[in-house]
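One structure is given here, and the rest of the page talks about it.
For this chain, numbers begin at 1 and follow the sequence in order.
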Amino acid sequence: MNISREIAPHLPYLRRFARALCGSQKSGDAYVVATLEALIADIDAFPPNMSAKVGLYHLFMRSWSSITLNVDERPEDDDDSSPAQRNVSLLTPRSRQAFLLRTVEGFSVEDVAAILSVSPQEVESLIAQAGREIAERVATDVLIIEDEALIAQDIEFIARDLGHNVIGIARTHKEAVELASGRHPGLILADIQLADGSSGLNAVNELLQSFDCPVIFITAFPERLLTGERPEPAFLISKPYKVDTVKATISQALFFERKASRVA
């Protein structure tokens, strides 16, 4: 394998990750350069049992953990910094690494474990810790739109376990509008098909005419939203879901402060 050719397409993404991890482009780029210099000095250091991308990030994390670079850490003048850049400082270093690798870079839990040289179980624990740390600083009011009582209670428990306040559970379009009218939630978790035959999608669209907030759809009918038309929801979880998936998605939605658009 020609290492330089294999890793080249992944370097822009590594720089993005490095900037988020270090808090500045200058510092992040310095660590990327140090990683490449170490690889040039010892090409055999590249892990033979990893893909090019996973191996590159693994080497970067080894450099990041083992050396301290003399980089000017004065805050950058960046008025357009993303929500992720503003919120990344909320996380402790290890949970930050796992959270960014999983949610920003899109690695699987197994790949994150390989990059960080830990077990998949520890990765899941770190991501859960990141969720709690985010909630401590950006805890918000949550509206649940779900007609199945057991599922609604489960989602409520998940949200409360992360430190958020559930303002109510709506079983119908009308109940959702009534609950949100007096207290605009900071996050909505919604099913599509509701008890009285009404649509959670229509309820969400109506609510978003009055205020903005992230929306997570949790549904047994994801194909109704993933039509290839625009706009589509940024956050969509299929039923049956895993608790860890819901927790990670809630944290991701609030971490990126991604507002929802009306969905066709």
Side-chain angles (χ1 to χ4, degrees), residues 1-76 78 80-130 134 234-235 244-245 248-249 251-252 255-256 258:
M1 179 175 69
N2 186 316
I3 296 296
S4 61
R5 185 168 60 246
E6 293 290 334
I7 67 174
H10 308 301
L11 289 176
Y13 303 101
L14 181 64
R15 291 184 63 238
R16 175 185 64 186
F17 171 72
R19 177 176 184 174
L21 185 65
C22 299
S24 76
Q25 182 174 338
K26 187 173 183 179
S27 180
D29 284 351
Y31 276 100
V32 171
V33 169
T35 300
L36 296 177
E37 289 176 343
L39 182 58
I40 291 170
D42 182 12
I43 196 68
D44 292 332
F46 197 91
N49 59 338
M50 296 182 185
S51 69
K53 186 175 183 179
V54 172
L56 177 63
Y57 278 70
H58 175 77
L59 288 177
F60 173 85
M61 289 310 308
R62 283 175 52 184
S63 296
W64 192 84
S65 301
S66 62
I67 61 176
T68 301
L69 297 177
N70 184 21
V71 179
D72 186 354
E73 294 292 354
R74 289 175 296 180
E76 297 178 342
D78 187 2
D80 297 322
S81 60
S82 68
Q85 284 296 118
R86 296 194 300 270
N87 290 337
V88 73
S89 61
L90 305 179
L91 306 180
T92 52
R94 203 61 168 165
S95 62
R96 178 191 307 177
Q97 296 164 20
F99 185 80
L100 291 175
L101 287 168
R102 184 76 176 98
T103 63
V104 177
E105 302 305 315
F107 286 106
S108 67
V109 169
E110 291 72 23
D111 284 344
V112 176
I115 291 168
L116 298 181
S117 299
V118 299
S119 69
Q121 292 75 22
E122 185 171 349
V123 170
E124 291 175 347
S125 177
L126 287 168
I127 293 173
Q129 178 184 337
I134 292 169
F235 303 103
D244 288 343
T245 299
T249 306
S251 300
Q252 186 179 3
F255 184 82
F256 289 101
R258 187 175 299 168

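- How far CG of Asp111 is from CE of Met50: 9.0 Å, rounded to the nearest 0.5 Å.
- Residues Trp64 and Pro93 come closest through the heavy atom pair CH2-CB, 4.3 Å.
- Across every non-hydrogen atom of Ala113 and Ser119, the tightest pair is CB-C, 3.8 Å.
- Side-chain atoms of His58 come within 3.5 Å of backbone atoms of Ala114 as a donor-acceptor pair (strictly under, hydrogens ignored).
- To the nearest 0.5 Å, the span separating CZ on Arg102 from OG on Ser251 amounts to 12.5 Å.
- For the atom pair CD (Glu6) and CZ (Phe46), the distance works out to 8.5 Å, reported to the nearest 0.5 Å.
- From Tyr57, atom OH reaches atom CG of Leu101 across 7.5 Å, with rounding to the nearest 0.5 Å.
- Closest approach of Thr92 and Gln129 over heavy atoms only: OG1-NE2, 3.1 Å.
- With rounding to the nearest 0.5 angstrom, the CZ atom of Phe17 is 10.5 Å from the CG atom of Leu56.
- Judged as a salt bridge (charged side-chain N to carboxylate O under 4.0 Å, His left out), and not counting sequence neighbours, the contacts of Glu105 are Arg16.
- Shown here for Leu126 and Ser95, the closest heavy-atom pair between the two residues is O-CB, 3.5 Å.
- The backbone N or O of Tyr31 lies less than 3.5 Å from a partner atom in the side chain of Thr35, making a donor-acceptor pair.
- With hydrogens and angles ignored, the 3.5 Å screen pairs no side-chain donor or acceptor of Arg15 with any backbone N or O of Asp29.
- The shortest side-chain heavy-atom distance between Gln97 and Leu116 falls under the 4.5 Å cut-off.
- Within the structure, no pair that satisfies the salt bridge (charged side-chain N to carboxylate O under 4.0 Å, His left out) test touches residues 37-58, not counting sequence neighbours.
- Side-chain contact between Leu21 and Met61 is present, with at least one heavy-atom pair separated by less than 4.5 Å.
- If you take CG on Leu39 and CD1 on Ile7, they are separated by 5.5 Å, rounding to the nearest 0.5 Å.
- Proximity of Val118 to Val112: side-chain heavy atoms (C-beta onward) are nowhere separated by under 4.5 Å.
- When every heavy atom of Ala45 is checked against every heavy atom of Leu59, the shortest pair comes out as O-CD2, 3.6 Å.
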